[in-house]
Amino acid sequence: MTRTVRIIGAPTDYGANRRGVDMGPSAIRYAGLADAVERTGANAADAGDLFVARAEERDPDAEAPAGDAKFLREVEEVSERLAEEVAETVADGELPLALGGDHSIAIGTLAGTGRDAEIGAVWFDAHGDFNTPETSPSGNVHGMPLAAALGRGAFADREWAQSEGLREENVAIVGLRSVDGAEREALRESAVTVYTMSDIDARGLTPVVEDALDVATDGVEGFHVSLDLDWLDPGEAPGVGTPIRGGVSYREAHAAMERVAARDAAGDAVLRSMELVEVNPILDEHNETAELATELAASALGKRIL
Ligand SMILES: NC(=[NH2+])NCCC[C@H](N)C(=O)O
Ligand SMILES: [Mn+2]
Ligand SMILES: [Mn+2]
């Protein structure tokens, strides 16, 4: 049976400090995402963009009180819409491919994909995104979605943010190289598995990604792949808001996505949902980061060289 990939745009920048990332879905579509998906042998169905109130219409009083996250009410609205759409897509037997927008959209994706099943997640990112409103130095929600989905800190009583079927034991972060002080402590005492850039340097990419996939597929029905384009080195992916030197190469990124596809094909726990986030076309060079996002999605969905 041919798989259908439903493309869902979430053009938001409420979780980040930078304008422009809300144009990510347009840039990724312009780079040829639907065609690239179809060349993997899947059907591509584009569900269009979710409604996101324009930043110009932001309520100036929406700025969070000290110690809370910025634009959390706006993030909640977008998350609820996205969760609904993702849950519906999964219920229809299709694979949701969400396009950010900043990484706060993962709150909605994970809430939706974890609604009626035990799931795992692999987080390909330079950052841990494990802050909470209490620990965040910036107040930006794109540094918090993993903690939010797991109901940590101030997210404990925010049900909309939580992913019912996701447990820390089934979460793996790959390629971490930028982490804040209190975020580091939180990661250390959590049950999340972290593979840093040093682990990739010491062991090589493939075994690290295989281990991460073991974590994310252990005893669950399916796994989510969250791909923050700042996971790659800024030389390969310049169009991101929070670039960090020393990221993975073009080839390593493709190799990782090919491991995802292989694990999906093995069928013990299938690829259930995916998202491409943090592409900022204003900071990009000739749309190369959006093109890269498109290529990497194709590799994760089974595109092969031969
Ligand atoms: N998804 C991202 N690009 N996150 C960047 C987070 C940066 C920083 N750790 C913060 O919490 O503000
Ligand atoms: Mn990041
Ligand atoms: Mn991120």
Side-chain angles (χ1 to χ4, degrees), residues 10 12-22 24 64 66-72 75 78-79 82 98-110 121-150 152-155 161 171-188 190 192 194-197 200 212 224-234 236-248 253 256 274-284 289 292-293 296:
T12 182
D13 64 359
Y14 283 114
N17 219 359
R18 307 289 299 253
R19 297 303 317 277
V21 68
D22 56 314
D68 208 353
K70 294 177 186 160
F71 300 112
L72 199 55
V75 171
V78 178
S79 300
L82 181 55
L99 311 180
D102 69 75
H103 217 158
S104 69
I105 73 154
I107 297 176
T109 323
L110 283 169
V122 186
W123 202 266
F124 295 100
D125 202 326
H127 306 94
D129 295 348
F130 210 62
N131 275 305
T132 62
E134 300 93 324
T135 68
S136 172
S138 66
N140 296 324
V141 183
H142 76 158
M144 311 182 193
L146 198 46
L150 294 166
R152 298 180 60 96
F155 295 108
V171 175
I173 299 172
V174 179
L176 183 76
R177 59 189 184 279
S178 172
V179 60
D180 303 312
E183 185 185 27
R184 174 180 286 111
E185 289 318 307
L187 276 172
R188 282 215 175 116
S190 80
V192 168
V194 182
Y195 301 98
T196 67
M197 216 52 222
I200 295 176
H224 172 72
V225 167
S226 198
L227 177 58
D228 183 330
L229 270 293
D230 69 32
W231 183 51
L232 285 102
D233 192 83
E236 317 272 8
V240 298
T242 46
I244 307 283
R245 289 176 73 176
V248 302
M274 181 168 177
E275 70 210 338
L276 305 169
V277 302
E278 296 284 338
V279 172
N280 186 328
I282 287 183
L283 305 172
D284 207 2
T289 307
L292 186 54
L296 292 173

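Index from 1, following the sequence. When a ligand or atom number is given, it counts from 1 through the structure's own listing order.
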Discussion item. Report the atom name of the nearest N/O/S atom of D228 relative to the Mn ion (ligand 3).
Written reply: OD2
Fill in: atom 2 (C) of ligand 1: the protein heavy-atom neighbour that sits closest, reported with distance to 0.1 Å
H142 ND1, 3.4 Å
Worksheet item: Taking distance alone, with no angle check, do S136 and ligand 1 share an N/O pair under 3.5 Å?
Response: no
Practice prompt. For atom 11 (O) of ligand 1, find the nearest protein heavy atom and state the residue, atom name and distance (0.1 Å precision).
Written response: N131 ND2, 3.0 Å
Practice prompt. Indicate yes or no: at least one non-hydrogen side-chain atom of I107 is less than 4.5 angstrom from one of V141.
Written response: yes
Discussion item. For atom 12 (O) of ligand 1, what's the nearest protein heavy-atom neighbour? Residue, atom name and distance, please.
Written reply: S138 OG, 2.5 Å
Worksheet item: Taking just the N, O or S atoms of H127, which one is nearest to the Mn ion (ligand 2)?
Response: ND1
Practice prompt. List every atom of ligand 1 that sits less than 4.0 Å from any heavy atom of D228, numbering the atoms from 1 in the order shown and giving each element.
Written response: 1 (N), 2 (C), 3 (N)
Discussion item. I need the nearest protein heavy-atom contact for atom 3 (N) of ligand 1: residue, atom name and distance, please.
Written reply: T242 OG1, 2.9 Å
Item to complete: Would you mind checking which non-hydrogen protein atom is closest to atom 4 (N) of ligand 1, with the distance to 0.1 Å?
Response: D129 OD1, 3.0 Å
Worksheet item: Between H127 and D125, do the side chains contain an N or O donor and an N or O acceptor separated by less than 3.5 Å?
Response: yes
Fill in: H103 and D230: side chain donor to acceptor below 3.5 Å
no
Discussion item. Need the ligand 1 atom indices (1-based, order shown) with element for anything under 4.0 Å from a heavy-atom of H103.
Written reply: 1 (N)
Worksheet item: Is M144 close to R152 at the side-chain level, that is, under 4.5 Å between some pair of heavy atoms?
Response: no
Item to complete: Check whether any N, O or S atom of D125, backbone or side chain, sits closer than 2.8 Å to the Mn ion (ligand 3).
Response: yes
Worksheet item: Which atom, among the N/O/S set of H103, is closest to the Mn ion (ligand 3)?
Response: ND1
Worksheet item: Of the protein's non-hydrogen atoms, which lies at the shortest distance from atom 8 (C) of ligand 1, and what is that distance?
Response: D180 OD2, 3.5 Å
Worksheet item: Which N/O/S atom belongs to D129 and is the closest one to the Mn ion (ligand 3)?
Response: OD2
Discussion item. Give me the residue, atom name and distance of the protein heavy atom closest to atom 6 (C) of ligand 1.
Written reply: G143 CA, 3.7 Å
Worksheet item: side chain to side chain contact (heavy atoms under 4.5 Å, CB included) with W231: which of V240, I244, L296, V248?
Response: V248
Worksheet entry | Any P238 side-chain heavy atom under 4.5 Å of L283 side chain | no
Discussion item. Students should be able to answer this: which protein heavy-atom is nearest to atom 7 (C) of ligand 1, and at what distance?
Written reply: H127 CD2, 3.9 Å
Discussion item. The Mn ion (ligand 2) and E278: any N/O/S contact shorter than 2.8 Å?
Written reply: no
